[in-house]
Amino acid sequence: MTESTHCELDLSPRFRDAMAAFPSGVTIMTTADRSGRPWGFTASSFCSLSLDPPLVLVCLARTARCHPAFYQSDDWSIQIVAPRHLALVTRFATSGADKFAGGEFTPDDRGVPVLPDAPVTLTCAAHARYHGGDHSILVARVQDVTLLDDRPLLYFRRTFQPLACPRDVTASGEDR
Ligand SMILES: Cc1cc2nc3c(=O)[nH]c(=O)nc-3n(C[C@H](O)[C@H](O)[C@H](O)COP(=O)(O)O)c2cc1C
């Protein structure tokens, strides 16, 4: 096998680089535990799963401090964030940080913290949880959607970027 298809020694750095080459949006997923304490983390592993029923998934590291809270509570919220939320995204990506100290979030009617000016907010109920290696796969059933006319923050090769002036790509692969 060639080096480009097989890396016997240590796949980890190449795997990480390969995953970093896949651009994504950025989300903050939130919940509240039984005592009402809010929890959340920055997640780029968000993706849609099913239309009927409406399901999405997010993968959460089993070592994350917030992991038990997402198993305790069946009420979740997922917000797709904008470039103006960069400081918030960084805070929610810092394990153990006092994430809600800035007061940007308000509790919804279930007590789950939500970001009022997020471009997209998905009000979710826990649908399933699966093991996935060192992560848990959190499958969320979407119960309500809030959409603002706004552009998302992007993440590509470990850097945050705004969505540049969008242009269509033609059949030849050239953008116009
Ligand atoms: C852009 C970005 C995307 C991330 N996506 C994920 C993700 O999808 N799943 C995950 O478990 N951690 C992800 N992380 C790391 C978590 O946000 C980070 O470990 C988090 O602070 C864990 O929170 P806690 O340990 O305080 O509960 C991401 C970090 C960044 C910067």
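Numbering of ligands and ligand atoms starts at 1, following listing order. Everything numeric in this text was worked out from a predicted model, so none of it was measured.
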Identify the protein heavy atom lying closest to [atom], giving its residue, its atom name and the separation to 0.1 Å.
| atom | result |
| --- | --- |
| atom 11 (O) of ligand 1 | Ala61 N, 2.8 Å |
| atom 21 (O) of ligand 1 | Ala93 C, 3.1 Å |
| atom 5 (N) of ligand 1 | Ser44 N, 3.0 Å |
| atom 6 (C) of ligand 1 | Thr42 O, 3.3 Å |
| atom 8 (O) of ligand 1 | Ser45 OG, 2.6 Å |

Number the atoms of ligand 1 from 1 as they appear, then name those within less than 4.0 Å of a heavy atom of [X], with their elements.
| X | value |
| --- | --- |
| Ser95 | 21 (O), 24 (P), 25 (O), 26 (O) |
| Tyr155 | 1 (C) |
| Cys59 | 7 (C), 8 (O), 9 (N), 10 (C), 11 (O) |
| Cys66 | 27 (O) |
| His135 | 11 (O) |

Practice item. Heavy-atom distances under 4.0 Å are what count here, so tell me which part of Phe92 touches ligand 1: side chain, backbone, both or neither. Key: backbone
Point to revise | ligand 1-proximal atoms of Thr94, by part, heavy-atom distance under 4.0 Å | key: backbone
Point to revise | No-hydrogen, no-angle side-chain donor-acceptor test under 3.5 Å, Asp75 and Ser73 | key: no
Check your understanding: Of the options Ile28, Thr31, Val58, Thr27, which is the one that meets Phe41 in a side chain to side chain contact (heavy atoms under 4.5 Å, CB included)?
Key -> Val58
Exercise for review: Determine, using heavy atoms of Leu60 and all atoms of ligand 1, whether some pair is separated by less than 4.0 Å.
Suggested key: yes
Practice item. May I ask whether Arg158 places a heavy atom under 4.0 Å from ligand 1? Key: no
Is the backbone N or O of [Y] less than 3.5 Å from a side-chain atom of [X], with the two atoms forming a donor-acceptor pair by type?
| X | Y | value |
| --- | --- | --- |
| Arg91 | Lys99 | yes |
| Ser77 | Thr30 | no |
| Gln72 | Arg34 | yes |
| Arg110 | Trp76 | yes |
| Arg62 | Gly133 | yes |

Revision key, fill the gap. Output for pair (Ser45 OG, Ile137 CD1), nearest 0.5 Å, gives 9.5 Å
Review point. NE2 of His85 to CZ of Phe160: how many Å apart, nearest 0.5 Å?
Key: 13.5 Å
Point to revise | Short N or O distance, Gly40 and ligand 1, threshold 3.5 Å exclusive | key: no
Check your understanding: Nearest non-hydrogen atom to atom 22 (C) of ligand 1 belongs to which of Lys99, His67, Arg65?
Key -> Lys99
Point to revise | Ion pair check, Asp74 and Arg141, cut-off under 4.0 Å | key: no
